[in-house]
Visitor: 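Can you keep this structure in mind? I'll have questions shortly.
Every heavy atom of this structure was used, including side-chain atoms; hydrogens, water molecules and symmetry mates were not. Because the structure is predicted, anything quoted here is derived from the model rather than measured.
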Amino acid sequence: MNEKIIARINKLMALTQSSNENESAKAAEMALKLMEENGISTKDLNIANLEADLGPVDRETLNESTYISAWEKNLAHTIAQYFNCVTYIQNSYSYKNWKKRKMYAMGFVGHESNRITAMTMYEWLRKAINREARQKFTQYANQMSFCLGAANAIGQKYAEVKKDESNEAGLVIYDEVQNWINNHMNMKEGKASRALSVSSAAYNAGKVAGGNYSLNRQFGLKAIGC
């Protein structure tokens, strides 16, 4: 596999985190185009990065909110595992108009290239699932049930993919990430969650939709893997 192409894709992935929306969108488009033109799937990218200079281990925050839904936690957990990262959740408090509010921050811990790719994939899938849920259902509870079903189906699907491609290099990288977490205080590893109550019809519709999602297709690529 062409190392220069892989390096270029990783640099473009990094640019997708830009606060400039136009720059971010253009970088994502160029990265996906390079992947498609060179027949590189997300699986290929992940394996290639295992053998390259992944950059230092650090953390990156996805979002900070008063509430993080169960389906978002589950989706982040799936993507993190696939790209040899770990999700984390931190609690903090903010004050607005003299009122104390508990805030939650969720993000990825991993080597630089892995966590950037994971963040990019997570955001695209999260937006796609959320958009489809709103198109199919008007009630918020049904939307959340649909999203949870989709996230759980994706988790099952990519657990099987990860099992097929697991190797010793991946285990070493995961241990390095886990050691980083163990050496930093106030870090809580994110886990997959269960919703308190779900609509079975909306949840099952989400599972069907989730089974059809592909990380590659979500990025506008042809089905070149997974």
Side-chain angles (χ1 to χ4, degrees), residues 1-21 23-32 34-35 38 40-65 68 72-92 103-126 158-159 161-162 165-192 215 219:
M1 194 176 300
N2 193 316
E3 294 180 2
K4 290 184 178 180
I5 296 296
I6 294 294
R8 177 62 176 158
I9 292 171
N10 283 331
K11 287 180 180 179
L12 288 168
M13 287 290 190
L15 288 175
T16 63
Q17 303 305 311
S18 170
S19 58
N20 184 313
E21 291 187 6
E23 183 181 67
S24 176
K26 186 64 175 177
E29 181 183 345
M30 292 175 67
L32 301 171
L34 275 177
M35 290 173 71
N38 292 277
I40 299 172
S41 68
T42 51
K43 179 178 178 179
D44 296 329
L45 186 63
N46 197 26
I47 292 173
N49 283 339
L50 291 177
E51 301 169 354
D53 181 6
L54 298 170
V57 176
D58 208 336
R59 61 177 172 170
E60 202 87 40
T61 300
L62 283 164
N63 60 329
E64 187 174 12
S65 177
I68 300 174
E72 289 173 315
K73 293 177 184 177
N74 289 6
L75 181 62
H77 183 70
T78 293
I79 301 300
Q81 287 189 317
Y82 188 78
F83 290 103
N84 299 301
C85 294
V86 171
T87 53
Y88 73 86
I89 296 175
Q90 280 189 303
N91 302 335
S92 62
M103 302 293 291
Y104 298 92
M106 182 174 72
F108 289 118
V109 175
H111 287 273
E112 184 177 28
S113 61
N114 282 346
R115 71 175 183 272
I116 288 173
T117 304
M119 287 182 68
T120 305
M121 298 294 186
Y122 168 83
E123 282 298 336
W124 278 79
L125 273 174
R126 183 185 67 81
Y158 284 93
V161 175
K162 187 65 175 176
E165 69 176 52
S166 62
N167 53 44
E168 292 183 7
L171 295 176
V172 170
I173 289 173
Y174 183 82
D175 286 343
E176 291 174 353
V177 173
Q178 196 64 56
N179 288 337
W180 189 96
I181 292 176
N182 293 338
N183 291 328
H184 288 73
M185 300 299 293
N186 301 320
M187 295 290 292
K188 177 183 177 182
E189 181 178 347
K191 300 289 186 181
L215 290 180
F219 273 74

Visitor: Is any side-chain heavy atom of Glu112 closer than 4.5 Å to one of Pro56?
Guide: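 Of all side-chain heavy-atom pairs linking Glu112 with Pro56, at least one is under 4.5 Å.
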Visitor: Which pairs with one or both residues in residues 78-87 pass salt bridge (Lys or Arg N to Asp or Glu O under 4.0 Å), sequence neighbours excluded?
Guide: none
Visitor: Roughly how far, to the nearest 0.5 Å, is OH of Tyr82 from OG1 of Thr117?
Guide: 11.0 Å
Visitor: Determine, stepwise, if the pair Ile9 / Met35 fulfils side chain to side chain contact (heavy atoms under 4.5 Å, CB included).
Guide: CA-CA 7 Å; Ile9 292 171; Met35 290 173 71; 3.6 Å; yes
Visitor: Looking only at heavy atoms, what is the nearest atom pair of Tyr88 and Arg59, with distance?
Guide: CE2-CB, 3.7 Å
Visitor: Between Tyr104 and Gln90, is a side chain to side chain contact (heavy atoms under 4.5 Å, CB included) present by the stated rule, with each step listed?
Guide: CA-CA 6 Å; Tyr104 298 92; Gln90 280 189 303; over 6 Å; no
Visitor: With a 4.5 Å cut-off on side-chain heavy atoms, are Arg115 and His111 touching?
Guide: no
Visitor: Kindly indicate whether the side chain of Lys73, heavy atoms from C-beta on, has any atom under 4.5 Å from the side chain of Ile89.
Guide: yes
Visitor: For Ala118 and Cys85, which heavy atoms make the closest approach, and how far apart are they?
Guide: CB-SG, 4.4 Å
Visitor: Looking at every heavy atom in both Met106 and Ile68, which two are closest together, and how far apart are they?
Guide: CB-CD1, 3.5 Å
Visitor: Applying the side-chain contact (heavy atoms from CB on, under 4.5 Å) test to Val177, which of Asn84, Val86, Asp58 qualifies?
Guide: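 Single pass found, and it is Val86.
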Visitor: Run the side chain to side chain donor-acceptor pair (under 3.5 Å) test on Tyr122 and Thr78 for me, step by step, so that the C-alpha distance in whole Å, both residues' side-chain angles and the decisive distance to 0.1 Å come before the verdict.
Guide: CA-CA 9 Å; Tyr122 168 83; Thr78 293; over 6 Å; no
Visitor: Any non-hydrogen side-chain atom of Phe108 less than 4.5 Å from a side-chain atom of Ile79?
Guide: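 They are in contact (side-chain heavy atoms under 4.5 Å apart), so the answer is yes.
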Visitor: Taking the side chain as every heavy atom from C-beta outward, state whether Met103 and Asn91 have any atom pair closer than 4.5 Å.
Guide: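 The answer is no; the side chains never approach within 4.5 Å.
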Visitor: Restricting to non-hydrogen atoms, name the atom on Thr87 and the atom on Ala76 that form the minimum distance, rounded to 0.1 Å.
Guide: CG2-O, 3.3 Å
Visitor: Excluding sequence neighbours, so at least two apart, what forms side-chain contact (heavy atoms from CB on, under 4.5 Å) with Asn38?
Guide: Ile5, Leu34, Ile40
Visitor: Is there a side-chain contact between Leu62 and Glu123 in this structure, where contact means two heavy atoms from C-beta onward sitting under 4.5 Å apart?
Guide: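 Heavy-atom side-chain distance check passes, below 4.5 Å.
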